[in-house]
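Notes to accompany the following structure.
Whatever order the structure lists them in is the order used to number ligands and atoms, beginning at 1. Computed from a prediction, not measured in an experiment: that's the story for all the values here.
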Amino acid sequence: MKKTDIKSLSLPQLVREMEQIGEKKFRAAQLYEWMHKKLAEDFAEMTNLSLSLREKCAEHFELTVLHAVQVQESKQDGTKKFLFELPDGNMVESVLMRYHHGNSVCISSQVGCKMGCKFCASTLGGLERSLTAAEMLEQVYAVTRKTGDRVSNVVVMGIGEPLDNMENLIRFIRMLTDEKGLHISQRNITVSTCGLVPKIKELAEEDLQVTLALSLHGATDEKRRELMPVAEKYSIAELMDACRYYFEKTGRRITFEYALAGGVNDTEEDAAGLIRLAFSVHAHVNLIPINPVRERKYTASGREAVKAFQRKLEEAGINATLRREMGRDIDGACGQLRRNHHKKK
Ligand code: SAH
């Protein structure tokens with residue numbers, strides 16, 4: 001029989017589980033605290049539970065813990081990239097970035113990805129499976145344990161399409177921001193999507209205060225279709241409607257992610273199109289010089305072109321940040337570390 005994944009259970013669900021195995025309700029709160037606040041790695045650590053209860057838990061439940069099989073530290077900026085092994089042997093990657101305003105962890109939401117973006121390494125091998133809530137939480141927990149530092153920001157921008165794993169994503173966000181767990185502020189969580197219109201609307205209904213980042217990368221349907229197969233399914237007009245809906249429901253401003261590929265989407269005309277779109281939904285823009293992936297043909301726009309593009313947006317009154325290219329020297333782009341690890345094997 002497959003054991004219950006105890007770390008993915010909400011507190012009310014855990015209370016029910018305790019009742020089912022004939023334990024008192026308050027044990028659930030103790031267990032929850034050990035898992036989500038004290039970040040215990042083993043039932044044996046939970047010393048305010050009786051030995052017999054700890055044994056019973058080990059018998060009934062699986063306690064998901066991730067192990068780092070590889071850690072790379074950037075010499076340029078201290079960014080750390082972790083390759084984690086999941087309980088079934090699959091691998092995902094997470095990145096710790098240190099900023100002045102605190103530590104930010106970028107986590108994966110799936111093993112692989114089926115969205116097929118033409119510049120991305122994560123999607124090259126297709127989708128293996130979605131991650132459980134516990135596996136997403138554990139990326140944050142394992143980084144916290146390893147570094148001893150508090151994580152203040154979490155971005156769901158690693159491997160996978162988070163909105164293609166909606167139920168577990170929502171559970172993950174609620175548990176991560178719960179005061180009985182790490183209690184990270186919802187406003188410090190960003191979820192990035194390639195643009196699944198119905199799912200953006202669903203997320204808007206969840207009454208959360210998280211930031212939504214939309215990977216736009218092109219200002220016309222035509223350009224977007226060149227780069228992202230998902231653009232065949234949803235038009236930019238539909239996407240902008242979904243963004244406006246998200247903003248109205250949550251009051252949170254959207255961020256557009258825009259990866260600049262040399263000679264592809266970095267002309268003046270592209271900037272003008274992007275400005276129009278950003279205005280229409282009050283979006284911030286985050287520019288990222290594309291990170292070249294060996295199997296892909298795209299190269300980053302030159303430094304001057306990037307600066308000029310950013311200047312155009314700013315002159316138009318759009319808030320445009322240039323994402324610091326952190327961890328370039330350590331397979332920084334999505335899915336590259338996992339992919340290179342697979343190849344070596
Ligand atoms: N599937 C989600 C989240 C994961 S990708 C999404 O599409 O948003 C996180 C961000 O990195 C996205 O904006 C994605 O388009 C971008 N990205 C992927 N590969 C990249 C590369 N090689 N260079 C720059 N950005 C890249």
Side-chain angles (χ1 to χ4, degrees), residues 81 92-95 97 104-127 130-131 136 139 154-166 168-169 172 189-197 199-200 203 210-219 223-231 233-234 239 242-243 246 254-262 264-266 274 283-301 306 309 321-328 330-340:
K81 188 140 188 173
V92 290
E93 45 189 90
S94 319
V95 185
M97 291 154 291
S104 184
V105 177
C106 173
I107 68 147
S108 297
S109 56
Q110 297 183 313
V111 181
C113 185
K114 65 176 183 202
M115 297 299 147
C117 298
K118 299 275 168 54
F119 46 82
C120 179
S122 300
T123 199
L124 288 165
L127 174 68
S130 283
L131 298 189
M136 288 188 260
Q139 294 173 61
V154 173
V155 297
V156 190
M157 281 193 190
I159 299 169
E161 170 49 47
L163 300 194
D164 187 36
N165 184 16
M166 195 68 165
N168 293 331
L169 174 77
F172 158 76
I189 296 180
T190 298
V191 175
S192 181
T193 179
C194 64
L196 304 177
V197 167
K199 298 288 175 181
I200 292 175
L203 185 65
V210 301
T211 299
L212 182 69
L214 170 66
S215 299
L216 193 61
H217 307 322
K223 275 234 163 123
R224 215 168 168 259
R225 278 187 214 123
E226 263 176 50
L227 297 168
M228 307 173 75
V230 69
K233 204 155 175 190
Y234 304 109
L239 266 179
C243 287
Y246 190 87
I254 309 274
T255 302
F256 288 165
E257 304 280 315
Y258 196 94
L260 288 159
V264 177
N265 60 359
D266 62 352
L274 182 55
H284 299 290
V285 175
N286 202 352
L287 298 172
I288 323 149
I290 223 160
N291 220 329
V293 171
R294 204 176 310 116
E295 294 85 345
R296 306 300 207 182
K297 63 178 185 192
Y298 299 103
T299 52
S301 306
V306 172
F309 200 91
T321 46
L322 186 58
R323 169 121 41 101
R324 272 165 67 200
E325 295 166 70
M326 300 181 91
R328 256 282 167 94
I330 52 169
D331 293 332
C334 277
Q336 282 195 130
L337 183 60
R338 168 170 173 262
R339 186 155 180 85
N340 292 344

**OP:** Check ring-ring contact (aromatic ring centres under 6.0 Å, His included) between Tyr258 and all other residues, then give those that pass, not counting sequence neighbours.
**Re:**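 Applying ring-ring contact (aromatic ring centres under 6.0 Å, His included) to Tyr258 gives Phe309.
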Subject >> For the student: nearest non-hydrogen atoms of Arg296 and Cys120, plus distance >> reply: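 Shortest heavy-atom separation between Arg296 and Cys120 comes out as NH2-O, 3.1 Å.
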**OP:** Please name the pair of heavy atoms, one in Ser215 and one in His217, separated by the smallest distance, quoted to 0.1 Å.
**Re:** CB-NE2, 3.5 Å
**OP:** Decide whether the shortest distance between a heavy atom of Gly160 and an atom of ligand 1 is less than 4.0 Å.
**Re:** yes
Subject >> Worked verdict on Leu239 versus Ile200 for side chain to side chain contact (heavy atoms under 4.5 Å, CB included) >> reply: CA-CA 9 Å; Leu239 266 179; Ile200 292 175; 4.1 Å; yes
Return the option from [options] holding the heavy atom at the smallest distance from [atom].
atom	options	answer
atom 14 (C) of ligand 1	His217, Glu257, Glu161	His217
atom 13 (O) of ligand 1	Cys113, Cys120, Ser215, Pro292	Ser215
atom 7 (O) of ligand 1	Ala300, Ser108, Pro289, Cys194	Cys194

**OP:** Say whether Val293, considering both its backbone and side-chain N or O atoms, lies within less than 3.5 Å of an N or O atom on ligand 1.
**Re:** no
Original post:
Based purely on interatomic distance, does Gly158 place a nitrogen or oxygen under 3.5 Å from a nitrogen or oxygen of ligand 1?
Top reply: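 No.
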Subject >> Any residue meeting side-chain contact (heavy atoms from CB on, under 4.5 Å) with Lys114, in chain and number order, not counting sequence neighbours >> reply: Leu127, Asp164
Subject >> Contact atoms of ligand 1, heavy-atom distance to Ile290 under 4.0 Å >> reply: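 Per the distance check, 23 (N), 24 (C).
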**OP:** Go through ligand 1 atom by atom and flag the ones less than 4.0 Å from a non-hydrogen atom of Asn291.
**Re:**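 Heavy-atom distances to Asn291 below 4.0 Å select 21 (C), 22 (N), 23 (N), 24 (C).
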**OP:** Quick one: look at Arg296 and ligand 1, take heavy-atom pairs under 4.0 Å, and tell me if it's side chain, backbone, both or neither.
**Re:** neither
Subject >> Thr193, portion touching ligand 1 at heavy-atom distance under 4.0 Å >> reply: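 Under 4.0 Å from ligand 1, Thr193 contributes backbone atoms alone.
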Original post:
So do Tyr298 and Leu227 actually touch side chain to side chain, heavy atoms under 4.5 Å?
Top reply: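 Side chain of Leu227 against side chain of Tyr298, heavy atoms only: contact under 4.5 Å found.
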**OP:** Evaluate the criterion side chain to side chain contact (heavy atoms under 4.5 Å, CB included) for residue pair Leu131 and Asn168; output intermediate values, then yes/no.
**Re:** CA-CA 8 Å; Leu131 298 189; Asn168 293 331; over 6 Å; no
